[in-house]
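Everything on this sheet refers to the single structure shown next.
Bear in mind the structure is a predicted one, so any value in this text is a computation, not a measurement. Computation of the quantities below employed the complete heavy-atom set of this structure, encompassing side-chain atoms and omitting hydrogens, waters and symmetry-equivalent molecules. Throughout, numbering of the chain's residues begins at 1 and tracks the sequence.
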Amino acid sequence: MDNNHLVIMAGGIGSRFWPISSEQKPKQFLDLIGCGRSLIQLTLDRFKGVVPMENVWVVTSADYVDIVKEQLPEVPAGNILSEPCRRNTAPCICYVSWKIKKRNPKACVVVTPADHLVPDTEAFRKVASGAMEFAAETDGIVTLGIKPTRPETGYGYIKADMSYPSSRKLNIFRVDGFKEKPSLEVAQEYTRSPNYLWNSGIFIWSVSTIVNAFRVYSPGISSLFEKLLPVYDTPAEQQEIDRIYPECESISVDYAIMEKAEEIFVHPASFAWTDLGTWTSLREQVQQDQYHNACIGDNIHMFDSYNSVVHVYGKKRVVIQGLDGYVVAENDGELLVCKLSEEQRIKLFH
């Protein structure tokens, strides 16, 4: 386990849950489900026992470094990496990979977003540990694929070759391809097939495998960070990162690496998982009353209301009557009342 490393990507602005979230405090730093822990804290909790705390890394915006330190005091301050500007996931993964390789060339790394929700932590740890064992022993890149429970148009999909497993692990299979977010009709076809899995965006690889992949498939990004090897863990590091980061191509690791590399595998998983990106997805993850309302707050009263989600911080008393299929959210004097079916338009309201 000493060679296991965790990278949490926490740089997104995460403002889809306005007015609860904002660019100043995005969703990964909020207790969205009312459990007393923010999403990034829950992410770290999932990996306890899988990765030593001294091997945990967080890549985040310069604006969020202080809140990461506040919420994750267990993570060494030197392992919290500051991005001067947003450049999608490939540059941040390349940066942290070269830093890890300098410290430990034998490292095995799992990379995860900070805003996922997985209630069954024990099942998750078992799958993650198995995938890390496989990646440490091979040159393969592994991603976690979630068995679909519904035709979901908001997720990307992985097409797996389920005809035979890898020679080393009976539950790890080769990837035939990655599919973009589908139409409802296509998603229904995917759900009926055992070969299609939701793409969780969680990746596992040895550090040597991923830096070599960047050298081959994204040499422009790779060379920028490889050249900085002499300054990593020195006082000059942040200044150099601030200088080169704007030069990086803004591209996801999916496009830069995953869709080009050959040795790609998937570990299917059946535990409950969600990418908390919408009020609808949040409602599905919170305990509901007999009328399918999900309420996050201490003093919420629902009458003749159905299929709604209400999120109110603090001790404000909220009384709602006669709503069906709505989101009601209040924070710092800002109030949202919107049909769940129209929530994609929320970004137009603020």
Side-chain angles (χ1 to χ4, degrees), residues 3-9 11-12 57 59 81 83-113 131-132 134-145 155-161 166 168-169 172-181 196-230 232 240-241 243-267:
N3 290 329
N4 288 354
H5 287 247
L6 167 65
V7 173
I8 301 175
M9 298 182 293
W57 302 77
V59 187
L81 307 186
E83 295 180 284
C85 55
R86 287 191 292 272
R87 285 296 183 267
N88 215 314
T89 55
C92 81
I93 289 173
C94 189
Y95 171 26
V96 70
S97 297
W98 278 111
K99 272 190 67 83
I100 292 172
K101 183 172 173 59
K102 181 178 181 179
R103 291 193 190 180
N104 182 0
K106 297 181 179 180
C108 183
V109 184
V110 54
V111 179
T112 181
M132 294 191 82
F134 177 85
E137 298 169 355
T138 69
D139 293 327
I141 293 173
V142 185
T143 184
L144 300 190
Y155 297 155
Y157 285 73
I158 299 167
K159 184 180 180 183
D161 181 358
S166 71
R168 290 178 177 264
K169 291 283 185 179
I172 293 180
F173 302 84
R174 282 193 175 273
V175 170
D176 280 346
F178 293 89
K179 306 297 181 181
E180 296 295 324
K181 296 175 182 178
Y196 288 88
L197 305 162
W198 288 337
N199 185 353
S200 71
I202 299 171
F203 308 113
I204 302 99
W205 42 51
S206 71
V207 73
S208 58
T209 293
I210 191 57
V211 297
N212 287 336
F214 270 103
R215 281 170 168 164
V216 172
Y217 301 113
S218 191
I221 293 175
S222 180
S223 63
L224 288 171
F225 293 104
E226 187 172 4
K227 288 176 183 176
L228 295 188
L229 277 171
Y232 290 146
E240 289 301 298
I241 289 296
R243 178 181 62 83
I244 70 162
Y245 227 82
E247 301 176 23
C248 291
E249 178 184 6
S250 181
I251 186 173
S252 71
V253 73
D254 302 76
Y255 287 123
I257 304 296
M258 301 300 288
E259 294 190 0
K260 299 175 183 177
E262 296 180 358
E263 293 295 304
I264 306 291
F265 297 86
V266 61
H267 192 318

Go through it in stages, so that I can follow the logic: the residues are Asn212 and Val216, the test is side chain to side chain contact (heavy atoms under 4.5 Å, CB included), and I'd like the CA-CA distance, side-chain angles, deciding distance and then a yes or no. CA-CA 6 Å; Asn212 287 336; Val216 172; 5.6 Å; no
One pair to check against ring pair (Phe, Tyr, Trp, His ring centres under 6.0 Å): Phe173 and Phe265. What are the steps and the verdict? CA-CA 5 Å; Phe173 302 84; Phe265 297 86; 9.7 Å; no
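For the atom pair Ser206 OG and Asp139 CG, the distance stands at 6.5 Å (nearest 0.5 Å). Atom CD1 of Ile210 sits about 10.5 Å away from atom OH of Tyr217, to the nearest 0.5 Å. For the atom pair SG of Cys248 and CD of Glu83, the computed distance is 9.5 Å after rounding to the nearest 0.5 Å. Taking CD from Glu226 and OG from Ser97, the interatomic distance works out to 12.0 Å, rounded to the nearest 0.5 Å. Atoms CG and CE, from Asn4 and Met132 in turn, are 3.5 Å apart once rounded to the nearest 0.5 Å. Expressed to the nearest 0.5 Å, how far NZ of Lys99 lies from CG of Asn104 amounts to 13.5 Å.
Taking 4.5 Å as the limit, every side-chain heavy atom of Cys108 sits out of range of all side-chain heavy atoms of Val207. Using a 4.5 Å heavy-atom threshold, the side chains of Cys92 and Met9 count as touching. Annotation: side chain of Val266 is in contact with side chain of Leu197 (closest heavy-atom distance under 4.5 Å). In this structure, Ile257 and Ile141 have side chains that are in contact, with non-hydrogen atoms separated by less than 4.5 Å. Residues Met258 and Ile264 are in side-chain contact: their nearest non-hydrogen atoms beyond the backbone lie under 4.5 Å apart. Here the side chains of Leu224 and Tyr245 are not in contact, with every heavy-atom distance at 4.5 Å or above. Residues Ser250 and Arg86 have side chains not in contact (no heavy-atom distance under 4.5 Å, counting atoms from C-beta outward). Residues Val109 and Trp205 have side chains in contact (heavy-atom distance under 4.5 Å, counting atoms from C-beta outward).
Distance alone, capped at 3.5 Å, places no donor-acceptor pair between the Asn88 side chain and the Ala90 backbone. A distance-only check finds no donor-acceptor pair linking the side chain of Ser222 to the backbone of Ser218 [under 3.5 Å]. Using a distance-only test at 3.5 Å, with no hydrogens or angles considered, no donor-acceptor pair links the side chain of Ser252 to the main chain of Thr89. Checked by atom type and distance alone, the side chain of Thr209 never pairs as donor or acceptor with a backbone atom of Gly140 at under 3.5 Å.
Between Thr143 and Ser200, the closest heavy-atom pair is OG1-OG, 4.5 Å. Listed here is the closest heavy atom pair of Gly145 and Ile158: CA-CD1, 4.2 Å. Ala131 and Ile172 get closest at one heavy-atom pair: CA-CD1, 4.3 Å. Nearest heavy-atom pair across Ala107 and His5 is CB-CD2, 3.5 Å.
For the pairing with Ile93, the side-chain contact (heavy atoms from CB on, under 4.5 Å) check across Val7, Ile221, Val111 returns one residue only, Val111.
Aromatic pair Tyr157/Phe178: ring centres not closer than 6.0 Å. A centroid separation of less than 6.0 Å is found between the aromatic rings of Tyr155 and Trp198.
Residue pairs meeting the salt bridge (Lys or Arg N to Asp or Glu O under 4.0 Å) criterion with at least one member in residues 253-264, sequence neighbours excluded, are Arg174-Glu263.
Aromatic ring orientation, Tyr232 versus Tyr95: tilted (interplanar angle from 30° to 60°).
Crowding of Lys181 atom NZ: a count of heavy atoms from other residues, nucleotides or ligands under 6.0 Å not exceeding 12.
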